[in-house]
Chemist: 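Okay, handing you the structure first.
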Amino acid sequence: MEVMRIEGGQTLSGNISASGAKNAALPIFAATLLTEETCILENVPNLSDIWFMAQILQHLGAEVEQPDPTTWKITAGTIAHRAPYDLVRKMRASVCLMGPLAGRLKRAEISLPGGCVIGPRPIDMHLKGFAGLGMEVTVDKGYVFLNAEQASGNPIFLGGRHGSTVTGTANILMAAVLTPGETVIECAACEPEVVDLCNMLVQMGAEIFGIGSPTLTIRGVDRLGGCTYRILPDRIEAGTYIIAGSMAGENLTINDIRLSDLAALTDKLKEAGVPMQINSDNSITVSRSESPLKPVDVVTHPHPGFATDLQAQMSSLMSVTPGISIITEKIFPNRFMHVPELQRMGADIAIEGPNAIVKGQAGLSGAPVMASDLRASAALILAGLVAEGITWVLRIYHLDRGYDKIDDKLRAVGANIDRLPEKEMPNTQFELK
Ligand code: EPZ
């Protein structure tokens, strides 16, 4: 196992870039199953989740090649309809295989994904959508069985108690593009990653209207062709670096991004008084403020609201912003696994239901902390950048699921951060001085 060692107090300056978006690449990989022709995907991030999805596609029978580190060539000629538990359980996003398999093969047999640390992660809305397309939906022994022989286009409402569903919208979309008739998805997710998937499907010959809006109209076609598609920049990775710049930056420039996807974040940082210079829609320069920031309240919402995937990172920033800020998590109400670890570093945060009440203060102190999920891990790295002394982040495999070489990228702009074998963590670290 590896750990991340961070020595706080360094200043981050220079240029850092976002890689391609994990949450676009995963459904887009699944979408290659919709055609027997070759799909070439560019700007794919180098992440363990991507490798895992590639492994599942190969298991299903697709030919998968990687001509270069960020380009993948996938040809789903003859494919099977069943994805087993031992593959699916390791990555929730494999739920996105259901739509394309049901669309192309008219049947699918996929293990239920199970939950993860940020919540139970149900898929009832996905199943409701498939049933809305006239599919026979059976759940038995931990597997979902779909029979789409009689499927046809229909109006479908995909809203739940937390609003829209990102992978639910992707799933129904990928089934509907090859389902005869017209499907209208109401309360569709508007995340940029869903827009990216729609744009790729249209390139493959799909007929989709209302892209980027909560109402998606899909006219089913008989078949789809291959494509060459470039994945959009990862707004969550970019947002993580923008928050890093707000905490420890001196003219830190974040490039290869789409700021229009991050309006909710930049709006909040502006309210807090973070010095930002927008260079273009693809580049922003951020610095730590000379004077203390103002505490701000944040409520997470589906896009274009404040992204739940940036909530933990924002908690780190507010932990070192004097004053009281309330961070409300509306998408995954239990998504506070980072809080006890930030408390180990001295943060003063109280959880009241879906609210984190953060009493910001000047400084944090380095400590050994435990990563629990992808974005909580990022929040601990950010806190380590400004904490006094050394922070050791354990279980960083969580981080590697969604951040492409975050340690290399941060080190290149001045962070004192190293990835080490766990045995290098000195026991003395735990002895009280
Ligand atoms: C996607 O997850 C992302 N993952 C998540 O990113 C992200 O946090 C989430 O969208 C919200 O933006 C991928 O795209 C691979 P949802 P998804 O369906 O699609 C409830 C990361 O860190 N719900 O939009 O699984 C659900 O429990 C990851 O990169 C149902 O109740 O999220 C949640 O409360 C973490 N029934 C809310 O809706 C359903 O059938 C939104 O979930 C589906 C969802």
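Computed from heavy atoms alone, side chains included, the values below leave out hydrogens, waters and symmetry copies. In listed order, ligands and their atoms are each counted from 1.
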Chemist: State if S164 counts as touching ligand 1 under the rule of any non-hydrogen atom under 4.0 Å.
Modeler: yes
Chemist: Is it the case that ligand 1 has an N or O less than 3.5 angstrom from some N or O of M125?
Modeler: yes
Chemist: Please determine, by modelled atom types, if D234 and Y403 share a side-chain donor-acceptor pair under 3.5 angstrom.
Modeler: no
Chemist: Run down the list A312, P122, A93, A189 and name the one with the heavy atom closest to atom 31 (O) of ligand 1.
Modeler: P122
Chemist: Looking only at heavy atoms, which two atoms of M174 and L34 are closest? And how far apart?
Modeler: O-CD2, 3.3 Å
Chemist: Sort out for me which residue in R375, H338, K330 forms a side chain to side chain donor-acceptor pair (under 3.5 Å) with Q311.
Modeler: H338
Chemist: Does K128 reach ligand 1, in the sense of a heavy atom lying below 4.0 Å from it?
Modeler: no
Chemist: Check whether any heavy atom of R335 sits under 4.0 Å from an atom of ligand 1.
Modeler: yes
Chemist: If we count only N and O atoms by modelled type, under 3.5 Å, do the side chains of S372 and R395 hold a donor and an acceptor together?
Modeler: no
Chemist: Is it true that K294 and S325 share a donor-acceptor pair across their side chains at a distance under 3.5 Å?
Modeler: no
Chemist: Answer side chain, backbone, both or neither: which part of T308 comes under 4.0 Å from ligand 1, heavy atoms only.
Modeler: side chain
Chemist: Taking atom 22 (O) of ligand 1 as the point of reference, which of R401, K22, R375 owns the nearest heavy atom?
Modeler: R375
Chemist: Cut-off 3.5 Å, side chains only: do T308 and T300 have a donor facing an acceptor?
Modeler: no
Chemist: Mind checking whether D124 contacts ligand 1 via backbone (N, CA, C, O), side chain (CB onward), both or neither, at a 4.0 Å heavy-atom cut-off?
Modeler: both
Chemist: Which is closest to atom 20 (C) of ligand 1 by heavy-atom distance: H303, E237, H162?
Modeler: H162
Chemist: Is a side-chain donor-acceptor pair under 3.5 Å present for T70 with N43?
Modeler: no
Chemist: Taking atom 24 (O) of ligand 1 as the point of reference, which of D309, L374, V166, L158 owns the nearest heavy atom?
Modeler: V166
Chemist: Can E149 and K106 be counted as an ion pair, charged N to O under 4.0 angstrom?
Modeler: no
Chemist: Side chain or backbone of I331 under 4.0 Å from ligand 1, or both, or neither, by non-hydrogen atoms?
Modeler: both
